[in-house]
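Worksheet: one structure, shown below.
Atoms within a ligand are numbered from 1 in the order they appear, just like the ligands themselves. Starting from 1, each residue takes its place in the sequence as its number.
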Amino acid sequence: MELVNDKECSWINDLNSRSNIKTLSSNLNCEWLIIGAGYTGLSAARKLAQLHPNQKIIIVDAQLAGEGASSRNSGYLVDTTLNDGFTSNKEIENYKKKTDIYKLGISAVKRFVKEYQVDCDWNECGKYFASSKEKDKIILENFSETLSKLGFEHNIYYNKHLTKRLGTNFYKIALHTKGGILLHPGKLVRAMIDTLPENVNLYENSQLLNWNKLNDSINFNFKKGSVKTEKAIFATNGFLKSLGIKTNYNFPITLTASMTRPLSDDEFKLIGKPKEWGVLPVKPMGATIRMTKDRRILIRNTAEVHNPYKMSKSELNIRSIKQKIGIKKRFPQFDDNIIQSTWSGVVSRTRNSSQIFEKLDENIFVAGCYNGSGIGVGTLFGEQIAIKASNENTNEIEIIENRNEPKWLPPQPFLNLGVKSRLFYERIRAKSEI
Ligand SMILES: Cc1cc2nc3c(=O)[nH]c(=O)nc-3n(C[C@H](O)[C@H](O)[C@H](O)COP(=O)(O)OP(=O)(O)OC[C@H]3O[C@@H](n4cnc5c(N)ncnc54)[C@H](O)[C@@H]3O)c2cc1C
């Protein structure tokens with residue numbers, strides 16, 4: 001099935017269109033092939049080019065590079081996540097392993113941004129985990145205990161502070177972590193494309209159809225051409241399963257988000273001119289909502305099992321209505337027609353929220369499954385899988401490989417039934433927060 005993304009994503013539409021797009025239309029040979037040009041694939045390409053300056057590296061994407069989930073996300077570079085249920089001591093150890101990886105992810109993005117002087121609206125303003133229900137204080141106090149044990153700076157705030165800071169009195173309680181960063185995801189991934197080294201050849205709008213391994217070479221077939229390579233890295237994240245990669249360990253989830261137009265001066269004044277902020281939900285299916293630097297409001301409040309290859313305009317419109325309701329709940333004073341665009345994106349999940357990072361077969365590697373932490377962890381995993389594939393080792397690889405392995409998933413139709421009922425249950429639990 002052909003991968004066709006909508007053209008509605010505000011983050012992408014903020015950028016200038018690219019020129020010089022090359023499509024794969026002949027039969028090529030190379031030392032290295034990367035499938036997927038998001039944060040993971042682009043970081044892998046950059047690292048391989050540094051490690052092997054005289055080798056030919058090809059990176060291919062089914063659509064325009066970076067225009068998958070890497071441009072379509074909410075732009076939180078996270079230091080911590082909630083909703084993983086870490087409470088006992090053993091679970092704290094597991095949570096620490098997770099946050100150690102987030103920390104390395106933040107460093108990897110920071111290094112890239114600094115080295116290439118990238119303007120991606122970087123803001124170290126932290127992030128809130130917020131709820132409209134006072135009773136969620138128990139969840140946040142438990143979380144606070146975990147964060148204190150691990151030395152994360154954070155504070156709990158109540159309605160009065162939150163109303164002033166966020167410009168809405170919807171939230172009754174929130175935990176703010178200092179270490180999170182907000183950024184423009186489209187600008188970040190565009191910089192990764194623009195700075196690709198010279199020995200990296202990027203081909204776009206070229207979807208991988210199938211592949212096979214014959215003795216020492218691996219053959220990849222695209223609609224109008226093929227690539228024969230010595231080593232390959234799969235970096236297709238939400239599309240790993242559909243390419244037959246680790247099918248019993250990951251599954252795609254489709255998310256949709258909407259962005260408003262910039263608030264007018266009057267509208268902005270009405271809510272107290274708040275500075276940029278980002279809120280994540282306390283309950284997993286609640287809304288992620290963010291005020292951007294240029295006064296737009298982004299909301300994401302859906303997650304579903306859906307054909308990952310395409311979401312039609314009418315299907316997006318239905319999700320947009322849910323997002324309008326989410327904005328109205330928090331900002332009843334704004335127009336009904338304030339949403340400017342609604343788009344979808346695909347991520348990959350594992351059963352225990354752990355990531356995939358491994359050698360699949362001789363000379364074939366894969367990295368993916370970051371849930372809501374792919375900006376940092378994808379950037380990190382891309383670099384590190386390139387190092388691993390080059391038979392080298394780093395402290396980072398040791399930390400990554402010390403994580404819990406993804407757990408085995410039941411086959412279809414049990415998998416979809418299980419995921420759908422879990423999402424349904426979580427939606428009911430988070431009803432007030434959507
Ligand atoms: C709405 C939304 C909100 C999110 N919010 C956040 C957030 O705030 N913070 C955060 O850290 N993460 C967030 N995420 C997750 C994050 O975007 C992903 O984890 C990250 O983009 C993964 O990067 P990637 O390079 O591995 O995958 P992708 O960016 O998905 O790149 C994979 C690429 O593979 C290509 N591909 C797929 N199949 C083929 C094929 N057959 N042939 C060739 N190419 C193929 C795709 O076209 C795509 O460009 C969010 C995601 C969404 C959708």
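For ligand 1, the polar-atom distance check against Ser70 finds a nitrogen or oxygen pair separated by under 3.5 Å. The shortest N or O to N or O distance between Ile375 and ligand 1 is under 3.5 Å. Note: no N/O pair closer than 3.5 Å links Leu64 and ligand 1 by distance alone. At least one N or O atom of Tyr39 sits closer than 3.5 Å to an N or O atom of ligand 1. For a threshold of 3.5 Å applied to N or O pairs, the pair formed by Trp343 and ligand 1 contains no separation below that value. Note: no N/O pair closer than 3.5 Å links Thr236 and ligand 1 by distance alone.
Under 4.0 angstrom from ligand 1, the non-hydrogen atoms of Thr40 come from both its backbone and its side chain. With a heavy-atom cut-off of 4.0 Å, Gln207 touches ligand 1 through backbone and side chain alike. Of all the heavy atoms of Leu243, the ones lying under 4.0 Å from any atom of ligand 1 belong exclusively to the side chain. Using a 4.0 Å cut-off between heavy atoms, Ala65 makes no contact with ligand 1 at all. Under 4.0 Å from ligand 1, the heavy atoms of Tyr370 that appear belong solely to its side chain. When non-hydrogen atoms are compared, ligand 1 lies under 4.0 Å from neither the backbone nor the side chain of Asn5. Neither the backbone nor the side chain of Leu77 has a heavy atom within less than 4.0 Å of ligand 1. Only the side chain of Phe239 comes within 4.0 Å of ligand 1, counting heavy atoms alone; its backbone N, CA, C and O stay farther away.
Residue contacts with ligand 1 leave out Val189, since none of its heavy atoms falls under 4.0 Å from the ligand. The shell of residues lying under 4.0 angstrom from ligand 1, judged by heavy atoms, excludes Val78. A heavy-atom separation below 4.0 Å is not found between Gly238 and ligand 1. Assignment of Gly345 to the shell around ligand 1 is supported, since a heavy atom sits closer than 4.0 Å. Residue contacts with ligand 1 do not include Gly368, since none of its heavy atoms lies under 4.0 Å from the ligand.
A donor and an acceptor atom, one from each side chain of Ser314 and Ser312, are located under 3.5 Å apart. Side chains of Gln55 and Asn199: a donor-acceptor N/O pair is absent below 3.5 angstrom, by distance only.
Asp336 and Lys328 are joined by a salt bridge, as a carboxylate oxygen and a charged side-chain nitrogen come within less than 4.0 angstrom of each other. A salt bridge between Lys388 and Glu401 is present, with a side-chain N of the basic residue lying under 4.0 Å from a carboxylate O of the acidic one.
In summary, of the residues considered (Thr81, Asp79, Thr80), a side-chain hydrogen bond (donor to acceptor under 3.5 Å, both in side chains) with Tyr102 occurs for Thr81 alone.
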